[in-house]
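Structure first, then comments.
Computed from a predicted structure; not experimentally measured. Residue numbers begin at 1 in each chain, while the letters A, B, ... track the order of the sequences.
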Protein chains: 2
Amino acid sequence: MELDDRKIKILKAIIQNYLETGEPVGSRTISKYSDLNLSSATIRNEMSDLEELGYIVQPHTSAGRIPSDKGYRFYVDELIREKENEVTEMRELVIQRVDRVELLLKQLAKLLAVNTNYATLISGPQYHQTKLKFIQLSRVERGKLLVVTVLEGNIIKNSIIRVDAELSDEDILNLNILLNNSLNGLTIGQINLDVITRMKEQAGARGQIVDAVLSEIAEAIRTNEEDLQIYTEGTTNIFKYPELSDGEKASQLISTLEHKELLKELLTEDDGAKKKNEIQVYIGSETQVQSMNDCSVVTANYELGDGLRGTIGIIGPKRMDYDKVVSTLRSLMNQLDDTFKKEER
Amino acid sequence: MELDDRKIKILKAIIQNYLETGEPVGSRTISKYSDLNLSSATIRNEMSDLEELGYIVQPHTSAGRIPSDKGYRFYVDELIREKENEVTEMRELVIQRVDRVELLLKQLAKLLAVNTNYATLISGPQYHQTKLKFIQLSRVERGKLLVVTVLEGNIIKNSIIRVDAELSDEDILNLNILLNNSLNGLTIGQINLDVITRMKEQAGARGQIVDAVLSEIAEAIRTNEEDLQIYTEGTTNIFKYPELSDGEKASQLISTLEHKELLKELLTEDDGAKKKNEIQVYIGSETQVQSMNDCSVVTANYELGDGLRGTIGIIGPKRMDYDKVVSTLRSLMNQLDDTFKKEER
DNA sequence: TGTTAGCACTCATTCATTGAGAGTGCTAAC
DNA sequence: GTTAGCACTCTCAATGAATGAGTGCTAACA
């Protein structure tokens, strides 16, 4: 038995109806509100087939049908025709970017949460591909050096390191020159033993400071790398959907969103195929995260001009409005692209 | 009619029992589990009096009694004898402080959330009392200056400003010297028109850069001031208490905790009397925040060595274990004090 | 005068029962 | 292949009885 044209139409009608109402949908409803002009009995037969094929399920005998994960998957893959879906307020927002990436990300997330009525999460960009642009040491007090590291895209990292040795102003100046000459333009990944050895040679007596500084830079960058910054917004939106908000489930879900460890996998798992602007949909158990088996997640990889890449995700009930979410995300990505291309000109 | 000794004992018994069970407590329970050796009938008479006096209420006829806000207030004010209550893991934690204040705060909050099983929130320190320690301008690229500001306590703020004028290395050096000479040791509040005018005079042709830098510094500091940093932890703990976790309430509460605007009031309202280490208890409607009328909030003002002050709060159901929470907070404050005094030696 | 036993009464909660409604599957007729 | 009709299933909401916890009051007691 195969999906013929009529079955597909019925399936689509079922899913769309369910997306709207959240109630199991019966044969009579489809018979009345579709343009197929078939009696409920006929629909029933077809539904029976669709169930056998695994696209829909019955919560219990004598209830209507609801889409299965497979059904949703088919719907998302085959039946959605994206429509344009402008994200409001986008324009004004992006203007403020430049040096406050986290702020921008948070605002983006909030924007999406408000626009879609689902929960949003966004991962901070990962920096290991990003080039060093500027490094500066300065002494703030005896025995403590301030290290300021600026990455492409004007991401700024600070840290304070303790040094036992006494450094003169001239020492610091020289170190600064050395650091900038040797490291600017490199990515973290490119700072290998070779580079380090060469620097140490040039630093002479100050070699150990070089070590400390380098590890501190690595550390500063890794800080956002390891415990990957993830921002969530609109988590309380999940209370809007009864199937997620009752009791235990809500608790677990909110908890998952609060403790970001699990989310990390969610946002980074498709690392290999991390194509820019590609939008992924994970339905139910496709997410691999236990507490999200009643949810769907839509993710997109963003890029902010200078190679700063991260992932943005929208979490909602399985019966989320995939169409709207996908097109909203797509539109957001495009607007981001536009804005950042313009800036670079 | 007044609270005599026996009434107090009964009230205490009622409250303690209710704190444990969360169920209305009846006369028979008190009669059995207190050392008063009174029959339930006598207790009933006393309870009737206590109700008339406003310390307890009946959810409905023929239910037991539960404490009223007034009852809790009396309990908190008069009946708690604090016991020592070490916060575990404290020691290892504080070591990491130094330059990552936000991280420390988050960890503290988490620690408290885990220790108490309530939700925790903590406000980042406010900086207007904090002195500038070090300022540095550097050029990262054409037309853009990086401003690094270090405050007492090694709080570091960065920002990037655009400058139209072309600045030589020497200009920058001079500006740095001027800035540090003029501003180091001052608090933001102390940077008045007088200081600014004097600096502009000295800067001569570069006066407008001084303006830009100063406003950027003010901005950088205000960023954490205005949209006051507030971190929450353990918000999902509220699901552990049925009286908070059912339906609408949980939603509103979590929402309040997510959108930090309202919390600001909560943490800063006692500004005037902001005595260090003072612990405040707000019961039910005493919090002024609508969505928290079923909660109690315990706050304490912390101080991290260098005059960095903020507030930490614990949010739980009205029947929270005040005793434990208060003593835990107290102990935490003491340990913080100890640690930071030691560091300063 | 304070304390207690006893009793009638109230109210929430639980459980089973019932009926309505929605929806199905199957069969027989078109 | 489509449809009307019917018996059947299951959920849900309403009903009401039983239960039990707890009270308030009264009368008796020390």
Open item on the list: Check this for me: does the side-chain of B/Arg44 come within 3.5 Å of the base of C/dG6 through a donor and an acceptor?
Closed with: yes
- [ ] Whole angstrom is fine here: how far is it from CD in B/Glu46 over to C1' in D/dG24?
- [x] 15 Å
TODO: Give one of base, sugar-phosphate or nothing for B/Thr42, where a contact means two heavy atoms less than 4.0 Å apart.
DONE: base
Task: d(CE, A/Met47; C1', C/dA22) in whole Å - done: 12 Å
Task: B/Gln58 side-chain proximity, nearest of D/dT23, D/dT9, C/dT4 - done: D/dT23
TODO: Kindly say whether, by distance alone, the side chain of B/Ser62 makes a donor-acceptor pair under 3.5 Å with the base of C/dT10?
DONE: yes
Open item on the list: Considering every strand and a 4.0 Å limit on heavy-atom distances, what is the contact class for B/Ala63: base, sugar-phosphate, or nothing?
Closed with: sugar-phosphate
TODO: Determine whether the aromatic ring centres of B/Tyr118 and B/Tyr241 lie less than 6.0 Å apart.
DONE: yes
Open item on the list: Any non-hydrogen side-chain atom of A/Leu3 less than 4.5 Å from a side-chain atom of A/Phe74?
Closed with: yes
Open item on the list: Just N and O in the side chain of B/Thr61: are any of them under 4.0 Å from OP1 or OP2 of C/dC11?
Closed with: yes
TODO: Could you tell me the separation between the CD1 atom of A/Ile30 and the C1' atom of C/dG23, rounded to a whole number of Å?
DONE: 13 Å
Task: Which nucleotide in C/dT24, C/dT10, C/dT4 has an atom nearest any side-chain atom of A/Arg65 - done: C/dT24
TODO: Nearest whole angstrom, please: distance from the C1' of C/dT24 to the CG of A/Leu50.
DONE: 15 Å
Open item on the list: At less than 4.0 Å, is any side-chain N or O atom of A/Ser39 found next to OP1 or OP2 of D/dT3? Yes or no.
Closed with: yes
Open item on the list: Could you tell me how far apart B/Ile14 (CD1) and D/dG22 (C1') are, to the nearest whole angstrom?
Closed with: 13 Å
Open item on the list: Between A/Arg73 and A/Asp69 (salt bridge meaning N to carboxylate O under 4.0 Å), is one present in this structure?
Closed with: no
Task: Protein-nucleotide distance (A/Arg28, atom CZ; D/dC6, atom P), rounded to Å - done: 16 Å
TODO: Sort out the partner of D/dG5 for me: Watson-Crick or G-U wobble, both distances under 3.5 Å, none otherwise.
DONE: C/dC26
- [ ] Grab the CD-P distance between B/Glu51 and D/dG22 for me, whole Å please.
- [x] 15 Å
Task: Gap separating the CD1 atom of B/Ile15 from the OH atom of B/Tyr55, nearest 0.5 angstrom - done: 10.0 Å
TODO: Let me know, please, whether B/Gly64 or B/Asn45 comes out on the 5' side of the other along DNA chain D by nearest nucleotide.
DONE: B/Gly64
Task: Identity of whatever pairs with D/dA18 - Watson-Crick or G-U, under 3.5 angstrom - done: C/dT13
- [ ] Could you tell me whether A/Glu233 and A/Lys106 make a salt bridge, using a distance below 4.0 angstrom between a side-chain N and a carboxylate O?
- [x] no
Task: 4.5 Å side-chain heavy-atom contact, A/Asn293 and A/Thr287 - done: yes
Task: Paired nucleotide for D/dA13 [Watson-Crick or G-U wobble; both distances under 3.5 Å] - done: C/dT18
Open item on the list: Just N and O in the side chain of B/Arg6: are any of them under 4.0 Å from OP1 or OP2 of C/dT3?
Closed with: yes
Task: Rounded distance (Å) that lies between atom P of D/dA21 and atom CG of B/Asn17 - done: 15 Å
